Participant: 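One structure follows; several queries about it will come next.
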Amino acid sequence: MAEQRRKQFPFDDFEPQWQNRWESDKTFSVPNPGDANFDADKPKFFALDMFPYPSGSGLHVGHPEGYTATDIVTRQKRMAGFNVLHPMGWDAFGLPAEEHARKTGEHPAINTAKNTDNFRRQLKRLGFAYDWEREVNTTDPGYVRWTQWIFLQLYNSYFDEAGQKAKPIAELEAQGLSREEIDNRRLAYVAEAPVNWCPELGTVLANEEVEEWRKKGNTVERRPLKQWMLRITAYAERLINELDGLDWPEGIKLLQQNWIGRSEGAEVDFKIGEHKVTVFTTRPDTLFGATYMVLAPEHPLVDEITTPEQSAAVEEYRKACASKSDLERTELAKEKTGVATGGTAINPVNGEEIPVWIADYVMMSYGTGAIMAVPAHDERDNEFAKRFGITIIEVVQAPEGNEEKCFTGEGTAINSGFLDGLTTAEAKQKISAWLDDEKLGKSTVVYKLRDWLFSRQRYWGEPFPIVWKDGNHFAIDDSELPLLAPELKDYKPSGTPDPILSKAKDWVDVGDGVTRETNTMPQWAGSCWYYLRYCDAANRDRFISREAEEYWLGKNGTPGGVDLYIGGTEHAVLHLLYARFWHKVLHDLGHVSTPEPFQKLVNQGLIMGEDGQKMSKSRGNVVNPDDVVDLYGADSLRLYEMFMGPLEQVKPWSMNGVEGVHRFLARIWRLVMEIDQEGTWTMRGNLTDGDPDKATKKVLHQTIKKVSEDIASLSFNTAISQMMVCTNEFNKVEALPVSAVVTLLEVLSPFAPHIAEELNARLAAAHDSVDGSELANRAWPAWDEAYLVEDEIEMVIQVNGKKRDIITVSKDAAKEDIEAQALACAKVTEHTDGLTVRKVIVVPGRLVNIVAN
RNA sequence: GCCGCUGUGGCGGAAUUGGUAGACGCAGCAGACUUAAAAUCUGCUUUCCAGUUUGGAAGUGCGGGUUCGAUUCCCGCCGGCGGCACCA
C-alpha cells in the first residue's frame, strides 16, 4: 500500500543527491588553527552529541532527536558566521560485541566495524552536518593509545591536599617517599575491594549495571577482589563546587550533588578499653544522647572488642552479612538486625559506659564505619533501640507544636550539660570547639562518593598499560603504546575472576618475571575524553594539540569548554561525572586550559512508543528511523522529531504527526513547484521577481525573528509552527515574490536542509534574481523590526476582567483617547449599565479593563 | 521516606513571563474538485446553555489567597514520571 502511494514530493531523488554533494565537497569540514583555510576572525562554536554505542539493532529514533537539535543549531551558527565544530564518533567498546565474539568466535572488531558502518550510513542518510573527517572510534588503536596515555597520567599523579590539585608523582619520589607510600597516593591505584562478580559474564560489574544483568538471568555475587581504582573522591569537593558556573539543568546539578553526597559533621573518638574508635556524626550536638555505639559488621576492631560470651553470635552475624549483597542488605532489612559485642565504649562527653553493637545498618564504606547511636533523634537508631530495649535519652527539645515521636530536626539542647539551652547550630559549634580542645575529635566533611572501580575482566576494552614484577606494578613505556589485546581463539570467560586476557599466556609473559596486567578498562574510559579528540582527531603526536585545545575548548571570550552538549539523562551522574573528573586531572597537569569540559548541557526527553510506553522489542512499539525515511524522507523525520514538543520533554511518537510535518514540507514544495498531467514537476508560473507586499514582508520578518530566537533557546517546535504560519500566508498570495520564498528557505534550511537546498537550486535555475550558491554557505537572514509594527492595533476591552469587545486604535493613540473610546463602546455601556465605573486600566498595545460595580 | 520534574481540548502542544487561554499540528465533521477513491483545497472543531446571526456561563489537576486582571505569583492538598534510598 505504501509503495503505491505517489510521493508528495521527490525527496527520495534529491535527498541522496544533496548528501553526496555535502560529502564530496566536504561542505561541513572545519579547519583547525594552523590549517590553510582557517579563518581566525570568526568566533567558534563547539556542539557535541553523546556519541552512540553502535549496537547491532541500528539507530533508534531517540538518537536523531538530540542529533537533529545540535544539527539545527550548528547549521544556523555556521550561517551566522561561526567556525563550527560538530563531530560524531563511536563508543565502540562494550559487552554486546564481546558476547557476539564469544558465540561466533569472530574477533569483536569485525562485528563492531559492521555495526559502525550501519550507524554511519543511517546518520548520513539523515543529512547531519557532521565533519566526518573528525570521526573517532574508541576502539581504534590510534585512539586507544591516548586513552592509555591518559590513564598513565592518572597513574603518575597524586592529589595534593594543600593545593587541591593533581601533581606529578615525581614530586613524591623527590621527597624520598617509599614505593608503598607512593603507590598508596596514586590517582590510579590497586586495592582489594568487595565487588559485584558475575560468573556468567566473567567480569565484575559496576553497581549500576548489576540490576540490568540480573534481570537477564545472570547471577551476581559479592567477592573481595584486587582491582584498579581511580581516586575520584579526591575531587569530590571540586566536583561539587565547580558545578556552580555551569549552564546545566538544575536537576542534573542536584543529581550530581546528591550522588557526591557531601555531609558536614564531626569525628568523635570513643574509648573501648585500650582501643580508640572514631565515629562520624552530622549531629555532634546530640552527643549526650548517645546511648550505644554501632560498628559495621566488617569493622576491623570487632574481633578485638568482642567478649568471649558474644563471640559465637558475632561470628554468625558477620557471616550472614558477608554473603549478602548491598542490595539484599537494604531490600530485606525490613526490620533492624544486630548483635551486641559485649564490649562497652566510654562516651567522652559524660564518661558514661555505653554498649557496643554491630549491625548491618551501619556501612563500612561510609564515614568511619562506626556511629554513635542517638535513638531519641535518629529514626534508624530509634527503631533499633526499641527493638533491643536500649535506653533512649532526649537531648533536643523540639520547637513548640512539634509532636513527632522521634524528633530529628533542630531545636534546643536539653539534658546535655554545658550545651543546655543552646540552639542546635550553637550546640554544634560549642561541642566541636570542645572536642577540638580536648583532642577528642574534629570537624570533618564526608562524601557518599566512592572511588571508581576501574578494572573489568573483559576482553573488548583497553588493556591497562601496566606490567607486574615481584608484586609491584609499573607503567609500560610510552613507546609501547597502544598496547593492544592479543587475538584469542576463544572469547569465552573462564568463569573464575581471572580476566579473559590471562588466557593469552604468551602475551601476558613478557619475560624476566615480568607479566602484563590482564584487566581491561570499562567502557567509560573512551567516552571520558572523546570530545577532546574531536578537536584534533588525526594527531599522532599528542592526544590533542595545544592550539586545537585552546581554540575549540579555551576561553576565546566564551566561558570555555564545549558550548553545547545534548544527550539523554541516563548519563547524568556516570559519564558526566567521570568525564569531569578526567578533565580536571588533565587541567591540573596543564594539558587542557579549562577546569570544566561541558559549559552548557541540555537533556533531551525520551521518545516513547505510540502507545505511550517506553519503546522496546518485547512491546513491539519500536520505530525504526530507516522505515520513516523510506516513507517520508529525512527532512520529515528531522522536522517531526523537533515538532513533537519541547526537546527536554518526554513525548510519545505519532505516525500521524510525521504525516503532518510531511504535508507541511509538501506545501512548501508546491509553493515553488507544480505537477503536470504526466506527473512531472515544473516551476510554478505565479512566482514573481517583484518586491513582497506589506503583509508578506510582515509575516516573513516575524518568521525570521521567531526562528532566530527559537533556535537560540532550543524551542524548535515553536520555530516550526511559525514557519507553518508563514507558509500558510504565502499560499494565499496571488503573485508570490521569489525573494520571500528564498528567505523562508534560508530559515528552513537548518531544519530541513535537503528540500530547502533543492528548491533554492531550482529557483536559481529559473530566476536570475536568486542566488545559486548553497544555502548552507549563505549568511543567516536578518529581520527588520520596522516591518513588524502595525499602524493600527486591536485592543481588547474588558469589563471587570471579562472580554466584551475589541476596538481598533492607531498605534500611537493617547491613553485618554483609548479610554474614552473604550467607555463609549455599546458592549461596554451594556455591561456597565446601572454600575459606577470605579477605575479604568489601560495596558498600551494590549487591553483596557474597566472596573465597575 | 527524601530530592527533582510535571499536570492546559479527543491527542501532541502554544501563550510576549501577570494582560484576548487553546497558536501550530494530529484526529474528527461538513463542503469543493473527481465517474469514484486517494491526494489537494475551503470551512467548522474546549464544554455546557440559547440558537438565524449577534449571544451567555463555566473552564488550564483540586482547595484557598494576592491582584483591576492568575495557566503564570503565594499557601495547602492530589495524581503522573524520574533519581536516590538504612549515607549516621
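Given the structure is predicted, the values throughout are model-derived calculations rather than measurements. Within every chain, numbering begins at 1; the chains are lettered A, B, ... in the order of the sequence lines, protein sequences first and strands thereafter.
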Participant: If the P atom of B/G56 is compared with that of B/G61, how far apart are they to the nearest Å?
Facilitator: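 Roughly 26 Å separates the two P atoms.
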Participant: Syn or anti for B/G9, given that syn means the glycosidic angle lies within 90° of 0?
Facilitator: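 You should classify B/G9 as syn.
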Participant: Between OG1 of A/T281 and CG of A/L287, what distance do you get to the nearest 0.5 Å?
Facilitator: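 Reported value, rounded in 0.5 Å steps: 8.0 Å.
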Participant: Just the rounded figure in Å: distance from P of B/U40 to CZ of A/F9.
Facilitator: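 Distance, rounded to whole Å: 12 Å.
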Participant: Look at all strands and tell whether A/N728 reaches a base, only sugar-phosphate, or nothing, counting heavy atoms closer than 4.0 Å.
Facilitator: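 Touches sugar-phosphate only.
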Participant: Test A/Y632 against every option in A/K7, A/R663, A/Q8, A/E659 by the side chain to side chain contact (heavy atoms under 4.5 Å, CB included) rule and name the one that passes.
Facilitator: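 It is A/E659, the one option of A/K7, A/R663, A/Q8, A/E659 that forms the side chain to side chain contact (heavy atoms under 4.5 Å, CB included) with A/Y632.
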Participant: Which part of the nucleic acid does A/R804 contact within heavy-atom distance under 4.0 Å: base, sugar-phosphate only, or nothing?
Facilitator: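 Sugar-phosphate contact only - A/R804 comes under 4.0 Å of backbone atoms but never of a base.
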Participant: Apply the syn/anti split at 90° from 0 to B/U8 and say which one it is.
Facilitator: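 Anti, since the glycosidic angle lies more than 90° from 0.
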Participant: Whole angstrom is fine here: how far is it from CZ in A/F751 over to C1' in B/C24?
Facilitator: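 Spelled out: CZ on A/F751 to C1' on B/C24 is 14 Å.
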Participant: Please state the C1' separation for the pair B/G25 and B/G13 - nearest whole angstrom.
Facilitator: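 B/G25 and B/G13 have their C1' atoms separated by 9 Å.
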Participant: Would you say the side chain of A/K336 and the base of B/C86 hold a donor-acceptor pair, judged only by whether the two atoms sit under 3.5 Å apart?
Facilitator: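 For A/K336, whose side chain was compared with the base of B/C86, there is a donor-acceptor pair (under 3.5 Å).
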Participant: Can the ring centres of A/Y578 and A/H571 be said to be less than 6.0 Å apart?
Facilitator: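 No, the ring centres sit 6.0 Å or more apart.
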Participant: Reading RNA chain B 5' to 3', what string of ( ), [ ], | and . shows its pairs, if Watson-Crick and G-U wobble pairs count only when both distances fall under 3.5 Å?
Facilitator: (((((((..(((......[....))).(((((.......))))).((((.....))))..(((((..]....))))))))))))....
Participant: Sort me out a list of protein N/O and nucleotides 41-44 of chain B N/O pairs below 3.5 Å, or just none if empty.
Facilitator:
unit_1	atom_1	unit_2	atom_2	d
B/C41	OP1	A/R670	NH2	3.4

Participant: Is a donor on one side and an acceptor on the other found under 3.5 Å between the side chain of A/T68 and the backbone of A/R638?
Facilitator: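 No; zero donor-acceptor contacts below 3.5 Å.
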Participant: Rounding to the closest angstrom, what is the interatomic distance between B/G10 and B/G59 at atom P?
Facilitator: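 Nearest-Å result for B/G10 against B/G59 at atom P: 16 Å.
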Participant: Would you mind reading off the distance between A/Q256 atom CD and B/G83 atom C1', rounded to a whole angstrom?
Facilitator: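 Atom-to-atom, A/Q256 to B/G83, this comes out as 13 Å.
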Participant: Do any side-chain nitrogens or oxygens of A/N258 fall under 4.0 Å of OP1 or OP2 in B/A85?
Facilitator: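 So the side chain of A/N258 is outside the cut-off, no N or O lying under 4.0 Å from OP1 or OP2 of B/A85.
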Participant: I'd like the C1' distance from B/G12 over to B/A23, given in whole Å.
Facilitator: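 These two C1' atoms come out 13 Å apart once rounded.
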Participant: For B/U67 and B/C48, measure between their C1' atoms and round to the nearest Å.
Facilitator: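 Result for the C1' pair: 29 Å, nearest Å.
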Participant: For B/G18 and B/C74, measure between their C1' atoms and round to the nearest Å.
Facilitator: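 Result for the C1' pair: 13 Å, nearest Å.
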Participant: Could you go through A/H662 and A/F9, starting from their C-alpha distance and side-chain angles, then the distance that decides it, and tell me whether this counts as side chain to side chain contact (heavy atoms under 4.5 Å, CB included)?
Facilitator: CA-CA 9 Å; A/H662 185 67; A/F9 58 97; 3.5 Å; yes
Participant: Roughly, in whole Å, what's the span from CZ in A/F280 to P in B/A88?
Facilitator: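 A/F280 atom CZ is separated from B/A88 atom P by 7 Å.
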Participant: For A/S263, which contact category applies under a 4.0 Å heavy-atom criterion: base, sugar-phosphate, or nothing?
Facilitator: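 Sugar-phosphate, no base atom in range.
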Participant: In whole angstroms, how far is the P atom of B/G83 from the CG atom of A/N603?
Facilitator: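 Checked: the CG to P distance equals 13 Å.
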Participant: Rounded to whole Å, please give me the gap between CH2 in A/W681 and P in B/U40.
Facilitator: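 So the CH2-P distance, A/W681 to B/U40, works out to 11 Å.
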Participant: What is the ring orientation for A/F388 with A/F384, classed by angle as parallel under 30°, tilted 30 to 60°, or perpendicular over 60°?
Facilitator: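 Tilted: the ring planes of A/F388 and A/F384 meet at 30° to 60°.
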Participant: Evaluate whether atom CD of A/E792 has more than 12 neighbouring non-hydrogen atoms of other residues, nucleotides or ligands under 6.0 angstrom away.
Facilitator: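 Above 12, so yes.
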Participant: Taking C-beta and beyond as the side chain, do A/L577 and A/W452 meet within less than 4.5 Å on heavy atoms?
Facilitator: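 No. Closest side-chain heavy atoms not under 4.5 Å.
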Participant: B/A58 phosphate, OP1 or OP2: any side-chain N/O from A/K802 under 4.0 angstrom?
Facilitator: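 For B/A58, OP1/OP2 do have a side-chain N/O of A/K802 under 4.0 Å.
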Participant: Near A/E785 CD, under 6.0 Å, is it more than 12 heavy atoms from other residues, nucleotides or ligands?
Facilitator: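 More than 12 within 6.0 Å, yes.
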Participant: When the P atoms of B/C2 and B/U17 are compared, how many Å lie between them, rounded to an integer?
Facilitator: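 Approximately 36 Å lies between the P atom of B/U17 and that of B/C2.
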Participant: Could you tell me whether a side-chain N or O of A/N717 sits under 3.5 Å from a main-chain N or O of A/M642, the two making a donor and an acceptor?
Facilitator: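 Not at all, since once roles are kept as given, no pair shorter than 3.5 Å links the two residues.
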Participant: Give the rounded distance in Å between these two atoms: CD of A/Q8 and C1' of B/A39.
Facilitator: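 It works out to 7 Å between those atoms.
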Participant: Report the residue (A/F664 or A/Y447) whose heavy-atom-nearest nucleotide on RNA chain B is the more 5′ of the two.
Facilitator: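 So the residue in question is A/F664.
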Participant: Taking the same atom, P, in B/C62 and in B/U72, what whole-Å distance lies between them?
Facilitator: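 Each nucleotide's P atom is 11 Å from the other's.
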Participant: Look at A/H831 and B/G56 and indicate whether a side-chain polar atom (N or O) is within less than 4.0 Å of OP1 or OP2.
Facilitator: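 True: A/H831 side-chain N/O within range (under 4.0 Å) of B/G56 OP1/OP2.
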Participant: Between A/T281 and A/A666, who's closer to the 5' end of RNA chain B by nearest nucleotide?
Facilitator: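 By nearest-heavy-atom nucleotide position, the 5'-most residue is A/A666.
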Participant: Using side chain to side chain contact (heavy atoms under 4.5 Å, CB included), reason through A/I272 and A/L301 one step at a time and then give a plain yes or no.
Facilitator: CA-CA 10 Å; A/I272 305 180; A/L301 273 176; 5.8 Å; no
Participant: Give the B/S/- string for nucleotides 10-23 of chain B, one per nucleotide from 5' to 3', where a protein heavy atom under 4.0 Å of the base yields B, of only the sugar-phosphate yields S, and otherwise -.
Facilitator: --BSS-B--BB--B
Participant: How is A/G660 classified with respect to the nucleic acid when contacts are heavy atoms under 4.0 Å: base, sugar-phosphate, or nothing?
Facilitator: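 Sugar-phosphate, backbone atoms only, no base.
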Participant: Atom NZ of A/K448 and atom P of B/C2: how far apart are they, to the nearest Å?
Facilitator: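 Rounded to the whole Å, the gap is 15 Å.
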Participant: For atom CD of A/Q256, decide whether the heavy atoms of other residues, nucleotides or ligands shown that lie under 6.0 angstrom number more than 12.
Facilitator: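 Counting other residues, nucleotides and ligands, CD of A/Q256 exceeds 12 neighbours.
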Participant: So, are A/D611 and A/R619 salt-bridged, with charged N and O less than 4.0 Å apart?
Facilitator: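 A/R619 and A/D611: not salt-bridged.
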Participant: Evaluate the side-chain proximity of A/I358 to A/H299: yes if any heavy-atom separation is below 4.5 Å, no if none is.
Facilitator: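 Result no, sub-4.5 Å side-chain heavy-atom pair not found.
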